[in-house]
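Below: the structure, in structure tokens.
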Amino acid sequence: MGAEQEQEQLEKEKEKEPDENEDTMDRGYNLNDNVDILAEIMARLDGRSLGVAACVCRLWSTVCKQDRVWEALCDRHVIGGAGDPGTRSVVAALGGYRRLYRLCLGPALDRLTCSGETTDSDKQGWAHLSLSLSLSLFSIDCYERLEGKQRPASLLFLCKPVNVA
Amino acid sequence: MGPYGSDSTTIASAACSGPEMDAILAGAGFGTRLSGPCNVTNASDYSLPFNPSDLTTWVDSMLTDLTSATTANLPPQPIHATWTNQIYSPLNPTDHAASHVLMAQQRKEEEDSGIRLVHLLMTCADAVQRDNTGLAASLVDEMRVLLSRVNTLSGIGKVAGYFADALFRRIYTTEVPLSTSEYEVLYHHFYESCPYLKFAHFTANQAILEAFEGYDRVHVIDFSLMQGLQWPALIQALALRPGGPPFLRITGIGPPSPDGRDALREVGFKLAELARSVRVRFAFRGVAANRLDDVKPWMLQATQGEAVAVNSVLQLHRLLTDPATTPAPIDSVLEWIVGIRPKVVTVVEQEADHNKPTFIDRFTEALFYYSTMFDSLEGSRPQHQRQMALAEVYLQKEICNIVCCEGENRVERHEPLAQWQTRLANAGLHPVHLGSNAFRQASMLLTLFSDEGYCVEEVDGCLTLGWHSRPLISASAWRAPDADVSPDDSSVIASNSNNCNIIINSNHNNNNSSNNVSGSDDNRISV
């Protein structure tokens, strides 16, 4: 119902201001009209940029929340099993790629780059984690959440401040 | 800290309520030792006499000095000159000169007190061994006085405090064993604040996964289920196995829960739900028993054609007795383990020798071991003070058991890896090399946990995790000889992704009654 109303509103606006519309059409291509291309671009961003992009507008926020965008990001940072359809269904069952990145991969990668594991300058920000380890940690967190009553704490160790002295 | 640190600003709540927690902490003497919020990162309040991670070397040097009967008045040289790199606020440069003198003086005082403390501990332990209770009591009093002047928040002060407390309990009181729920809470906090248990679980899971390759029906017997934190990772790994997941059965052994709550069944339900969500056919059985030697093989219902894995994390040492007495319960348990013909037996044990017959030897070994343990706990800086405090209480309970209890009550009878290897080989098990995958996974896990201090080593195909080259926990894998049931023999199970059975078999010590509760059709059968 809501979509139909929005459609009607859009058509009314088009009728009201035909001159302005002609102007925008002459200006050319609008990225926001092509959500798929937008998603393709988002899929190439790193975690922080995705977070920033999600704050731009409602459309971008919706696109950035799609799991396939986060899947592409996770696949770039894990070793082994990326892109496997079996992996995808398991990750989806455990909570999705976005949550996997937020709770597990993101903090772990931060920790690895912080501690200087990837010392090559061209490898900066491209630290890798084995898929089995990240999913193991993620599954423990998912399991703790099943109980519901207590705050899952098994992944908190990834958020600890690191001694970078 | 990245942007994901939002969870870290709130206190991780434990499974039990605040008053219960305070009771546990008070029972450990925390009410008297900690006053107010303690901030161990504030260097201006106190100064450490030496690098905390150098503790064991220092204790070692103290003990050799004592045994050679020379007065130990030499302050030890810190071997790692990097102690200034710890997270302590640097001194104001302008006050350097004056505070240097002050700090040096404080350091000397602390060192002297620390030396004196260790001396007193050893003398007291010796007195206890010779049943000289009067002398022991007076020494304990002296130690208490000294402890009030020494910094007990870290380093030798803290460890000495725990051991002095344990000696006090040995002389005056009887040690009360923990209730199951209290123990589970402490275990959970210990699990989260340091990597030993995580290392144990992940390494064992890797060995089990490799042993289960090619089998369609697999059965895992867990000697201590606790909250089942080891198994989500295995369930997930089996789900991702090339060729599809097998039919997984888990039998969890645990103590019977008081007040009607069926803890084993609850854990079983949670595991079943996780298995269902990742589409792994799953069945759970709980066996409630207070001691492992009460468990009989028929309760486990190992069937033909399935690959069996036996998993024991820090459990086998509870079955040992004083070296002189035979037969030990461990022998009968190992016998039926071999009888089930498991594909893999994963054994994780503390790497320490706490089962020596003489008290003073045990005491000395324990002092070394737990000094290193507490070092590592401080070094890895757990998230919250409360979590670290509870992890320490967990260790303190172990210390008390080793120091205070004798005979049947003493269950923390740790033995080193070499002795376990001999024992398991004598029982008829063959060792299985933990592969490079396990090693790599363990190393990666440690990198995530902390940057420095922890080290994974491979010894004879077994992995050990230690702190600064002192191994503290070891993981090994074994198999029964001729345990080669061909995977083709297994019967085909009708695949039904929603098929989850929860069956609880409870066996109490003196009764032979058993209750069968099937989760799917809710029948209660009492025999």
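Labels below follow one simple rule: chain letters A, B, ... track the order of the sequence lines, proteins then strands, and each chain is numbered from 1.
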Problem set entry | Distance-only donor-acceptor check, side chains A:Asn34 and A:Tyr29, under 3.5 Å |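 The criterion, which ignores hydrogens and geometry beyond distance, is satisfied for A:Tyr29 and A:Asn34.
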Exercise. Do B:Asn311 and B:Gln230 get their side chains close enough for a donor-acceptor pair, meaning under 3.5 Å?
Worked result: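 Yes, B:Gln230 and B:Asn311 have a side-chain donor paired with an acceptor closer than 3.5 Å.
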Problem set entry | Contact class of A:Ser89 relative to chain B, heavy atoms under 4.5 angstrom |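 No part of A:Ser89 comes within 4.5 Å of chain B.
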For this session: Name the region of B:Ile235, side chain, backbone, both or neither, that has any atom closer than 4.5 Å to a heavy atom of chain A.
Result: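 When you check distances to chain A, no heavy atom of B:Ile235 falls under 4.5 Å.
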For this session: Can you measure from NE2 (A:His77) to OH (A:Tyr101) and round to the nearest 0.5 angstrom?
Result: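 Answer rounded to 0.5 Å: 5.5 Å.
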For this session: Give me the contact list for residues 434-444 of chain B versus chain A, heavy atoms only, anything under 4.5 Å, ordered by residue number.
Result: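 B:Gln441, B:Met444, listed by number.
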For this session: Would you please name every residue forming a ring pair (Phe, Tyr, Trp, His ring centres under 6.0 Å) with B:Phe199, sequence neighbours left out?
Result: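 B:Phe199 satisfies ring pair (Phe, Tyr, Trp, His ring centres under 6.0 Å) with no residue once adjacent residues are dropped.
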Exercise. Is there any salt bridge (Lys or Arg N to Asp or Glu O under 4.0 Å) pair reaching into residues 51-68 of chain A, and which pairs are they, with sequence neighbours excluded?
Worked result: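 Sorted pair list: A:Asp36-A:Arg68.
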Exercise. Less than 4.5 Å apart, any side-chain heavy atom of B:Tyr191 and any of A:Ile140?
Worked result: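 Yes, their side chains come closer than 4.5 Å.
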For this session: Can you sort out the partners of A:Arg44 under salt bridge (Lys or Arg N to Asp or Glu O under 4.0 Å), two or more places apart, ordered by chain and number?
Result: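 Salt bridge (Lys or Arg N to Asp or Glu O under 4.0 Å) check on A:Arg44 returns A:Glu40.
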